[in-house]
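Structure, as structure tokens:
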Amino acid sequence: MPQMLNVSPAEQGVRLINLHRPDVLNALNTELLGELAAALAAIEQDPDTRVVVLTGSRKAFAAGADINEMAERDLVGILNDPRVAHWQNISAFSKPLIAAVNGFALGGGCELVMHADIIIAGEDAKFGQPEINLGIMPGAGGTQRLLRAVGKSLAMQMVLSGVAIDARHAERAGLVSEVTQPELTVERAIALARLIAQKAPLALRLAKEALLKAQDTDLASGLRFERHAFTVLAGTQDRKEGIAAFQEKRPAHFTGQ
Ligand code: HXC
């Protein structure tokens, strides 16, 4: 089975994962999603990787679930769909995940982008949920994460019309944090990843968890979680190191302890 992913070695705490099914615009079939989930699970245990950048090609981040594979699945096939577990495993990744998006991010591709913590887009990127054109609807978080990212009106417009939005629109709506020239998208995402990779790993993990909590909990519970996480970090070596480095006017060196 040919590899559908390229995973770079860790460099300055960062790995680049490249989706690679060029003939079908990186359509997400079960194997590709499985390889991605497995790669992230392995990276979870790798202390040398602190941040991951996920990208596709210049033409497409990913043009959606693999429609030809989907066509072969009936109701029972969908009920037993192994991709559900792959999506859950991808969403469980605890380290910062940055998506560097050029070209099409459609359907499952847009849903995969929304599994990332930070999204950097090239000016030519297109984000859309065109499932409605196939007589279906988003099934990997597209209704839930998109609404939380861009609000009700635009999420409804995108999901009900199937029409994609461009990178600038996505930036204005809050789906994307930065827009770059397409040839710089990956470079910019890696530079940001390297910056984040220098921070304290445990603080990154808990900050990510607290921010994600804000999407699915009430304010009082979210604030309680934040307070607990903040308190837990008081027991870490890296907190001592961060404060000492500030007082001694030197850069901090965080070890994840
Ligand atoms: C399988 C796909 C594909 C897909 C493109 N291809 N998208 N194959 N699944 N999602 C294939 C095409 O069939 C074609 O193969 C090759 O990739 C190049 O695509 P073209 O259509 O020739 O390119 P272009 O004319 O530039 O159009 C690009 C495009 C279009 C606008 C992105 O390909 C398109 O509309 N794709 C489908 C997008 C979509 O509907 N996505 C949502 C899928 S449903 P050949 O062999 O002809 O060269 C979904 C549900 C998620 O994602 C649910 C999760 C549980």
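Heavy-atom basis, side chains included; hydrogens, waters and symmetry copies ignored. Order of appearance sets the numbers: ligands from 1, and atoms from 1 within every ligand.
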Per [atom], closest listed option by heavy atom ([options]):
atom                    : options                     : answer
atom 42 (C) of ligand 1 : Gly139, Ala27, Pro130       : Pro130
atom 41 (N) of ligand 1 : Gly107, Ala140, Ala63       : Ala63
atom 11 (C) of ligand 1 : Val24, Asn133, Asn29        : Val24
atom 49 (C) of ligand 1 : Ala60, Pro22, Ala65, Gly109 : Ala65

Any protein heavy atom at under 4.0 Å, with [atom] as the reference point?
atom                    : result
atom 47 (O) of ligand 1 : no
atom 30 (C) of ligand 1 : no
atom 20 (P) of ligand 1 : no
atom 25 (O) of ligand 1 : no
atom 17 (O) of ligand 1 : yes
atom 9 (N) of ligand 1  : yes
atom 13 (O) of ligand 1 : no
atom 35 (O) of ligand 1 : no

key: Heavy-atom closest contact (Ala121 atom, Thr185 atom, distance)   =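 So the two residues come closest at C-CG2, 3.9 Å.
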message = Would you say that more than 12 heavy atoms from the other residues, nucleotides or ligands in this model lie under 6.0 Å from the CZ of Arg227, or not?
response =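 Open: at most 12 neighbouring heavy atoms sit under 6.0 Å from CZ of Arg227.
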query = Taking everything shown except Glu187 itself, do over 12 heavy atoms lie less than 6.0 Å from its CD?
reply =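 Open.
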Taking atom [atom1] of [X] and atom [atom2] of [Y], what is their separation to the nearest 0.5 Å?
X      : Y      : atom1 : atom2 : value
Leu204 : Gln198 : CG    : CD    : 11.0 Å
His169 : Leu175 : NE2   : CG    : 10.0 Å
Thr55  : Ile190 : OG1   : CD1   : 8.5 Å
Asp48  : Arg15  : CG    : CZ    : 8.0 Å
Leu33  : Leu5   : CG    : CG    : 9.5 Å

So, regarding [X] and ligand 1 (criterion: nitrogen or oxygen to nitrogen or oxygen, under 3.5 Å), is there a contact or not?
X      : result
Pro138 : no
Lys59  : yes
Phe104 : no
Ile67  : yes

ask   = What protein heavy atom is closest to atom 33 (O) of ligand 1, reported as residue, atom name and distance in Å?
value =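 So the nearest neighbour among protein heavy atoms is Leu25 CD1, 3.7 Å.
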query = Using a distance-only test with no angle check, is there a side-chain donor-acceptor pair under 3.5 angstrom linking Glu44 and Ser94?
reply =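 Short answer, yes.
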task = Give the contacting part of Glu111 toward ligand 1: side chain, backbone, both or neither, where contact means a heavy-atom distance below 4.0 Å.
result =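 Answer for Glu111: side chain.
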query = What part of Leu134, side chain, backbone, both or neither, has a heavy atom within less than 4.0 angstrom of ligand 1?
reply =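 Side chain only.
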query = Hey, which of Leu54, Leu32, Asn26 is the one that makes side chain to side chain contact (heavy atoms under 4.5 Å, CB included) with Leu112?
reply =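 Between Leu112 and the candidates, side chain to side chain contact (heavy atoms under 4.5 Å, CB included) is satisfied uniquely by Leu54.
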message = Could you tell me, atom by atom, which parts of ligand 1 come under 4.0 Å of a heavy atom of Asp66?
response =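 What qualifies from ligand 1 is 1 (C), 9 (N).
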task = Within a distance under 4.0 Å of any heavy atom of Asp23, pick out the atoms of ligand 1 and give their elements.
result =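 Per the distance check, 16 (C), 17 (O).
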ask   = Does some side-chain heavy atom of Arg21 sit less than 4.5 Å from a side-chain heavy atom of Asn29?
value =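 The answer is yes; the side chains approach within 4.5 Å.
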inquiry  = salt bridge (charged side-chain N to carboxylate O under 4.0 Å, His left out) for Asp81 and Arg83? Distances and angles first, verdict last.
reply    = CA-CA 5 Å; Asp81 191 342; Arg83 289 175 307 169; 2.6 Å; yes
task = Give a yes or no answer on whether the side chain of Ser177 reaches the backbone of Ile118 with a donor-acceptor pair at less than 3.5 Å.
result =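 Answer holds: no.
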